[in-house]
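Here is how names work: the chains are called A, B, and so on, in the same order as the sequence lines, proteins then strands, and each is numbered from 1.
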Amino acid sequence: MTESSGDAAFLVPGTVEAAVEALGAAGAVALAGGTSIGLMVGQGLLAPSVLVWLGRIPELSVLEEEDGGMSIGATTTLAALAAHPRVRATVPALADAAASVGNTRVRAVATIGGAVGHADPRQDLPPALLALDARVEVAGRRGRRRLAIDELIDGFMSTVLDPDEVITAVRVPLVVGRRSCYLRYTPGSADDYPTVAAAATADVADGVPTAVRLAIGGAGPAAYLVPEAEELRGVPEGRWASATAEVAESAARRADPVDDRLGSAAYKRRMVAVWARRVLERCLGAEGALP
Amino acid sequence: MKMHARVNGSPFVAEVPATSSLLEVLRGAGLTGTKEGCRIGVCGVCTVLVDNRPVSSCLYLAGCADGADIWTVEGMAEHAPSVVDAFVECEGMQCGICTPGQIVAVASMGPDVRDERDVRHYLSGNLCRCTGYGTIVEAALDAQARRRDEVAPA
Ligand SMILES: Cc1cc2nc3c(=O)[nH]c(=O)nc-3n(C[C@H](O)[C@H](O)[C@H](O)COP(=O)(O)OP(=O)(O)OC[C@H]3O[C@@H](n4cnc5c(N)ncnc54)[C@H](O)[C@@H]3O)c2cc1C
Ligand code: FES
Ligand code: FES
């Protein structure tokens, strides 16, 4: 067994303010569930001089419904999200994305903050949260701010956060009548990262979509929105099949995948079209809209 | 750092780097029931309970284990005897390498894990290259049934 060499300072702040302060030190890294950081440290890819563990900050573990939205504290675990009855009932895309991540042991400790702060393009939650039009709440020395997922994540494993900024919560809007759906495609083991992932939300009134959002993961340096999904607005049910197929082709054109063990770039691009169409059809046809 | 915890119900103190893995700490203290496999969180042979949650101890940092209530396979006869009995009676093992992780993972199942589909999803990250999983799933279902009976005797 290899021994860890060197020691990092390990800080356990009790408040967001103290965490921000601690993260101001050179080389400091925020630590939440540690599933990614533990892996990178174990592999020798990361040797932080200061680890700031967010696991003991009460403010960060609150999950509550407030007017028109759900505020999910940054250290809420993926297992808790997947099992939460209100999350499942109101935003099934998020519950399903959380339930899909890795394995039981990852979900037991990995957090929603890490699921967006890690910014790995293969992660499940970013496309779901992007389709749901979520906002990430951030606190830092310059104050508090709110960012959309595609503002927070600005590239491959990269975010716009300042080193001292902490994600405090993710806020998901709850809209009456909104449907949401998340699908991921893994040709290998169910525990694998998705080759491609697709998430959609749809507001449907009298059988006609009034708003549709589609987001794709796994097929570019970061999850991306497909603005062409808005073209489904006002389309009657009889034309959904052809209209969703067109949007799915737009989703594939916007893909910028790379060859890796999850599939070739060309394969991923084709799979984006397939899974974008499926998620849109599933979402538009979904029974359970948010009451 | 000085890590203070409870391991299998007893006080535990170790002087370790905060970035060492809980797996290294436990095995270094002679608790070698917990096995080392992939070291990347995939195989499950290193599964232990930290404050009742199943974790990959190969990824779990000692710093996060400070103050925690930790259970390993060595404590399962005390912490989850019905799970151990179920594995023995259903013969949920062959070579035994994956068994410590399987037993600890099953011990962490909540009452919501009821049928075969739930069990297979829950244990999908505990790999076994011997049994073909049949007897492990059987043992897990049996353990869950025993624990239901313990909560609500017939
Ligand atoms: C075996 C295995 C399988 C996996 N499979 C999947 C999968 O199928 N799908 C998937 O999506 N992911 C998968 N993952 C990755 C997993 O999603 C991430 O590791 C996890 O979501 C990160 O959450 P965490 O709390 O553990 O983050 P940590 O490891 O603690 O942190 C990850 C990153 O986020 C930053 N961070 C965390 N919280 C905050 C915060 N509040 N504010 C600012 N920055 C923060 C950290 O600084 C770090 O850069 C897998 C990981 C493993 C080990
Ligand atoms: S050794 Fe920890 S999961 Fe494989
Ligand atoms: S019994 Fe041999 S690996 Fe499972």
> For N52(B), does the CG atom sit with more than 12 other heavy atoms under 6.0 Å from it, leaving out its own atoms?
Replying inline: no
>> Atom CD of residue position E21(A) - does it have more than 12 heavy atoms of other residues, nucleotides or ligands inside 6.0 Å?
In response: no
> For R114(B), does the CZ atom sit with more than 12 other heavy atoms under 6.0 Å from it, leaving out its own atoms?
Replying inline: no
> Does any heavy atom of chain A fall under 4.5 Å from the side chain of D66(B), the backbone, both, or neither of them?
Replying inline: backbone
> Which of the residues A105(B), A62(B), A18(B) is involved in the greatest number of heavy-atom pairs with chain A at under 4.5 angstrom?
Replying inline: A18(B)
> What do the steps show when you test Y60(B) against T35(A) for side-chain contact (heavy atoms from CB on, under 4.5 Å), and what is the final call?
Replying inline: CA-CA 7 Å; Y60(B) 206 79; T35(A) 56; over 6 Å; no
>> Between V42(B) and chain A, with a heavy-atom cut-off of 4.5 Å, which part of the residue counts as in contact: side chain, backbone, both or neither?
In response: backbone
> Do other residues, nucleotides or ligands put more than 12 heavy atoms under 6.0 Å from the CD atom of E65(A)?
Replying inline: yes
> Should R53(B) and T77(A) count as side-chain neighbours, where that means a heavy-atom distance under 4.5 Å?
Replying inline: yes
> Do F10(A) and T19(B) come within less than 4.5 Å of each other through their side chains, counting heavy atoms only?
Replying inline: no
>> Quick check on I40(B) against chain A: is it the side chain, the backbone, both or neither that has a heavy atom closer than 4.5 Å?
In response: both
>> Looking at every heavy atom in both Q43(A) and R39(B), which two are closest together, and how far apart are they?
In response: NE2-O, 4.4 Å
>> Does any backbone or side-chain atom of Y122(B) lie under 4.5 Å from a heavy atom of chain A? Answer side chain, backbone, both or neither.
In response: both
> Non-hydrogen atoms of chain B under 4.5 Å away: do they reach the side chain of L39(A), the backbone, both or neither?
Replying inline: both
>> Let's test your reading of the structure: which of S108(B), G41(B), G125(B) forms the most heavy-atom pairs below 4.5 Å with chain A?
In response: G125(B)
>> Checking side chain to side chain contact (heavy atoms under 4.5 Å, CB included) between R105(A) and each of V104(B), N126(B), L59(B), which is the one that passes?
In response: N126(B)
> Is there side-chain contact between L123(B) and T104(A), with at least one heavy-atom pair below 4.5 Å?
Replying inline: no
> Relative to chain A, which of L61(B), D112(B), V55(B) shows the most heavy atom pairs under 4.5 Å?
Replying inline: V55(B)
> Which one, S56(B), C64(B), S124(B), leads in non-hydrogen pairs under 4.5 Å with chain A?
Replying inline: C64(B)
>> Quick check on A83(A) against chain B: is it the side chain, the backbone, both or neither that has a heavy atom closer than 4.5 Å?
In response: neither
